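Just so it is clear, the values below take in all heavy atoms, side chains as well, and ignore hydrogens, waters and symmetry mates. None of these values were measured; they are calculated from a predicted model.
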Amino acid sequence: GILNYTDNLTDDISLTLIAGASIQHQQYGVGVSVSSGNDGKLFYANEFNFQNLPTNVQVNSALSSRVEKQALFGNAVIGFKDYLFLDIAGRNDYASTLALTGNESYFYPSYGVSAIISQMVTLPQAISFFKVRASAASVGNEVPFNRINPQNTVTAAGAVNRNTQKPFTDLKPELIETTEFGIDLRFLNNKIGVDLALYNIKSTDQFLSLSAPSGSGYTTYFVNAGEIVNKGIEMSLTGRIIEKQNLSWTSTFNFTKNTNEVVSIHPDISGLGTGGGDAVQSRFVAGGSIGDMYIRMHKRDTQGRILLDDNGTPLSTDHELAGNAEPDFSIGWANNFTIGDRLTAGFIINGKFGGEVYSHTETMLNGFGVSARSGAARDAGSISVNAATESSGAAVSSADPVKWYTALGDRNGIGEPYIYDRTNIRLTQLSIGYNLDTSSLGIPIEAANISLIGNNLLYSAEAPFDPEVAM
C-alpha cells in the first residue's frame, strides 16, 4: 500500500510525502518429480495417481526456490518557488534469504537536488530552459535461495544427500552506490535540447563462491568481497529541425561512454571465471574490466615471429588478456518525419566503436578443414608464415596447412587470428506508416495506423560477420 500527502507549507515552500509498504512472495520449482522407471509405464493406463506407479519409480518433492521480501519505504520532496527541489528517499528491506545472519533487515537511502536556473536568474534569450541536478543513491541486493544454512536432504531411495556447502551465517547484502550529476539545456524556444549526465557506480560486498579447503568437510563456501566501479557519460541532443504545416522532422542523437574497473575481488581469488569456453574465457581479475577476454595466443620470439615445435606445429601461450568486448563508446541517431496529415516515416542508426569480438565459428571451420581459407591453403600445398623453430631459432616461411589449422582451430586452439574489432554502424530500424481516416470508415475506432517496419536492415563492420551476433 502507498500513502500520499501534498501540501503548500507557505507561498514559497511545497511538500510532497510518500510512504508505503510492500511484500513479495516468490516460489518456483515447487511440486513433485517422478523418475522414468519401468519405461514410464503405469500399472493401469490413464490412471494418474501415485498408487498407480510401479514400485521402482522414484518420487521426489521438489522446491527450487521460495523467497519472501518485505519492505517499508518513504519519499519526501521539498520544493522552493517551483525552481529548487530537495528529494530524500529511503527503503528498508527484509529478505528471507538473509535470515539467521542478523543482516536480513537492511536500509538504503537516496538523495537528490535539482535547480531550474532559468527560473532563478535571467539568462540570454536564446536559452529557453536550464536545469542542473545531482543525486546519490544506494541499493541493496539479497542473495539467492538456500545459501545461508543449507541442510541435508533425503533422496527418493531413502538415502541422505549430505550438504557440501559451508553455512554462511554472517552474509551481508550486496551494496550498489551511485552518484550522478547532470544538466538539461534547451535553446531557441525549446527547438534544441541538450541533456548531459556524468555517473559513478560502485558495487561492493558481492556474493562470491570459492572452493573450500581440503579436509574442511565442504566443497564450496561463500564470501562477501569485491569492488567494481563503473564511470561514464551519457549525452542526448534533440532538435526540432523542420516545423511546417505539412512537414516536420525531429531528430535525437545519443552518445554513451562507460569504463569499468574490477578494483578488487578477494585475497584467495586471483581471477573469477564469468563465462566463455575452452578457447576464449571471460574473467574478473583485479585491475581488469568486465568483458575482458582471455585467449590462447601465438607463442612468439623477441622478433615477433610465431614459434613452431620441431614438427612444424604452432605453439601457444596460456590464456592471455586479448581485449575487451565492451565498446569504447556508442552512438545512436533517431529521426522521425511527418508528411501531411497521414504519412509518417523514421529511421534509427546505431554505432558501436572499439572493443573486440571473437569468432568461434571460424575456429571450428578451420579446425575441421572445411573453411574456404583452409581449403585454399591445402590447394596451394602450404601457407606463408613469419615463423621460427623454437629449438633452433631457424626461420620458417611456410607451414603445412593441416598442422597449422589443426593448431589454430577446433575448440581449444590458438584463438589469436579470430579476434576482430567490434566497431560497427547499422541501420537499426526503418519505418513508414499511414494514419487512416477512421471517421470516414464508419467504424467505432478513434485512430488507426498501418506501418511497415524493418529492423537491423544494414550494417557495416570491419569483422567478417555481424559483431553484435557473435559475442
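The ring-ring contact (aromatic ring centres under 6.0 Å, His included) search around Phe337 returns Trp249, not counting sequence neighbours. For Phe329, the ring-ring contact (aromatic ring centres under 6.0 Å, His included) criterion is met by Phe255, Phe353, not counting sequence neighbours. By the side-chain hydrogen bond (donor to acceptor under 3.5 Å, both in side chains) test, Asn455 is found to be paired with Gln429, residues two or more places apart in sequence or in another chain being considered. Applying the ring-ring contact (aromatic ring centres under 6.0 Å, His included) test to Phe347 and every residue at least two apart in sequence or in another chain returns Trp333. Arg342 pairs by the side-chain hydrogen bond (donor to acceptor under 3.5 Å, both in side chains) definition with nothing, not counting sequence neighbours. Residues meeting the ring-ring contact (aromatic ring centres under 6.0 Å, His included) test with Phe207, sequence neighbours left out: Phe222.
Closest approach of Tyr108 to Ser138, counting heavy atoms only: CD1-O, 3.0 Å. The two residues Leu98 and Asn103 make their nearest non-hydrogen contact at CD1-O, 3.6 Å. When every heavy atom of Thr238 is checked against every heavy atom of Ser236, the shortest pair comes out as CG2-OG, 4.0 Å. Thr406 approaches Val402 most closely through the heavy-atom pair OG1-O, 2.5 Å. A pairwise comparison of heavy atoms in Ile348 and Ala334 identifies CG1-CB, 4.1 Å as the closest pair. Between Ile414 and Pro417 the shortest heavy-atom distance is O-CD, 3.7 Å.
For Asp205 (side chain) and Lys172 (main-chain N/O), no donor-acceptor pair under 3.5 Å exists by modelled atom type. Without hydrogens or angle criteria, Thr423 side chain to Gly354 main chain gives a donor-acceptor distance under 3.5 Å. Panel note: side chain Asp93, backbone Ala95; no donor-acceptor pair is recorded below 3.5 Å. In terms of modelled atom types and a separation under 3.5 Å, the side chain of Lys257 and the main chain of Asp328 share a donor-acceptor contact. Using a distance-only test at 3.5 Å, with no hydrogens or angles considered, a donor-acceptor pair links the side chain of Thr317 to the main chain of Met297. Tyr405 places no side-chain N or O within donor-acceptor distance of the main-chain N or O of Gly375, the cut-off being under 3.5 Å.
Leu196 contributes atom CG, which lies 4.5 Å from atom CD1 of Ile233 (distance to the nearest 0.5 angstrom). With rounding to the nearest 0.5 Å, the separation of CZ in Arg426 from CG in Asp466 is 4.0 Å. Ile349 contributes atom CD1, which lies 8.0 Å from atom OG1 of Thr428 (distance to the nearest 0.5 angstrom). Note that OG of Ser96 and CD of Gln70 are 9.0 Å apart. Values are rounded to the nearest 0.5 Å. For the atom pair CG (Leu84) and CD (Gln119), the distance works out to 11.0 Å, reported to the nearest 0.5 Å. Here OG of Ser251 is found 11.0 Å from CD1 of Ile192. Values are rounded to the nearest 0.5 Å.
The 12-atom threshold is not exceeded at NZ of Lys131, counting heavy atoms of other residues, nucleotides or ligands nearer than 6.0 Å. Counting non-hydrogen atoms of other residues, nucleotides and ligands closer than 6.0 Å to CG of Asp7 gives a total above 12. No more than 12 heavy atoms of other residues, nucleotides or ligands lie within 6.0 Å of CZ in Phe368, so this atom counts as exposed by the packing criterion. For Lys403, the NZ atom is densely surrounded, since the number of other residues' heavy atoms within 6.0 Å is greater than 12.
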For residues 376-383, tabulate all N or O donor-acceptor pairs below 3.5 Å that involve a side-chain atom, not counting sequence neighbours.
from	atom 1	to	atom 2	distance (Å)
Arg378	NH1	Gly369	O	3.0
Arg378	NH2	Gly369	O	3.0

Under 3.5 Å donor-acceptor pairs involving side-chain atoms of residues 72-83, not counting sequence neighbours:
from	atom 1	to	atom 2	distance (Å)
Asn75	ND2	Asp87	OD1	2.7
Asn75	ND2	Ile88	O	3.3

Donor-acceptor pairs under 3.5 Å, side chain of residues 11-31 to any protein atom, not counting sequence neighbours: which ones?
from	atom 1	to	atom 2	distance (Å)
His25	ND1	Glu68	OE1	3.2
Gln27	OE1	Arg66	NE	3.1

Distance-only check: which donor-acceptor pairs under 3.5 Å involve side-chain atoms of residues 174-190, not counting sequence neighbours?
from	atom 1	to	atom 2	distance (Å)
Asp184	OD2	Arg186	NH2	3.0

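In this structure, a donor-acceptor pair under 3.5 Å is present between the side chains of Asn92 and Ser105. Between Asn324 and Ser289, the side chains place no donor N or O within less than 3.5 Å of an acceptor N or O (distance only, hydrogens not considered).
Salt bridge Glu243/Lys191: present, at least one basic N to carboxylate O contact under 4.0 Å.
Contact annotation: the side chain of Asp195 never approaches that of Met235 to less than 4.5 Å [non-hydrogen atoms, C-beta and beyond]. Using a 4.5 Å heavy-atom threshold, the side chains of Ser330 and Asn350 count as separate. The side-chain heavy atoms of Val223 and Leu210, taken from C-beta on, include a pair separated by under 4.5 Å. Within the 4.5 Å cutoff, no side-chain heavy atoms of Arg422 are placed close to those of Glu356. In this structure the side chain of Ser359 reaches within 4.5 angstrom of the side chain of Tyr420, judged on heavy atoms. Inter-residue side-chain proximity for Phe130 and Leu123 is flagged as met; some heavy-atom pair is nearer than 4.5 Å. By the 4.5 Å heavy-atom criterion applied to side chains, Phe284 and Ile228 are counted as neighbours. Taking 4.5 Å as the limit, every side-chain heavy atom of Asp292 sits out of range of all side-chain heavy atoms of Arg283.
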Please walk me through it: do Val280 and His360 pass side chain to side chain contact (heavy atoms under 4.5 Å, CB included)? CA-CA 9 Å; Val280 57; His360 191 63; 5.6 Å; no
Between Val143 and Phe168, does a side chain to side chain contact (heavy atoms under 4.5 Å, CB included) hold up when you go through it step by step? CA-CA 11 Å; Val143 298; Phe168 191 3; over 6 Å; no
Test log, rule side chain to side chain contact (heavy atoms under 4.5 Å, CB included), inputs Leu430 and Leu457: CA-CA 8 Å; Leu430 180 65; Leu457 299 176; 3.6 Å; yes
Could you walk me through whether Trp404 and Val385 pass the side chain to side chain contact (heavy atoms under 4.5 Å, CB included) test, one step at a time? CA-CA 10 Å; Trp404 185 266; Val385 296; 3.5 Å; yes
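Residue pairs meeting the side-chain hydrogen bond (donor to acceptor under 3.5 Å, both in side chains) criterion with at least one partner in residues 224-234, sequence neighbours excluded, are Asn230-Asn258. Contacts classified as salt bridge (Lys or Arg N to Asp or Glu O under 4.0 Å) and involving residues 111-121 (residues at least two apart or in different chains) are not found.
Among the candidates Arg300, Arg296, Lys299, the single residue satisfying the salt bridge (charged side-chain N to carboxylate O under 4.0 Å, His left out) test with Glu416 is Arg300.
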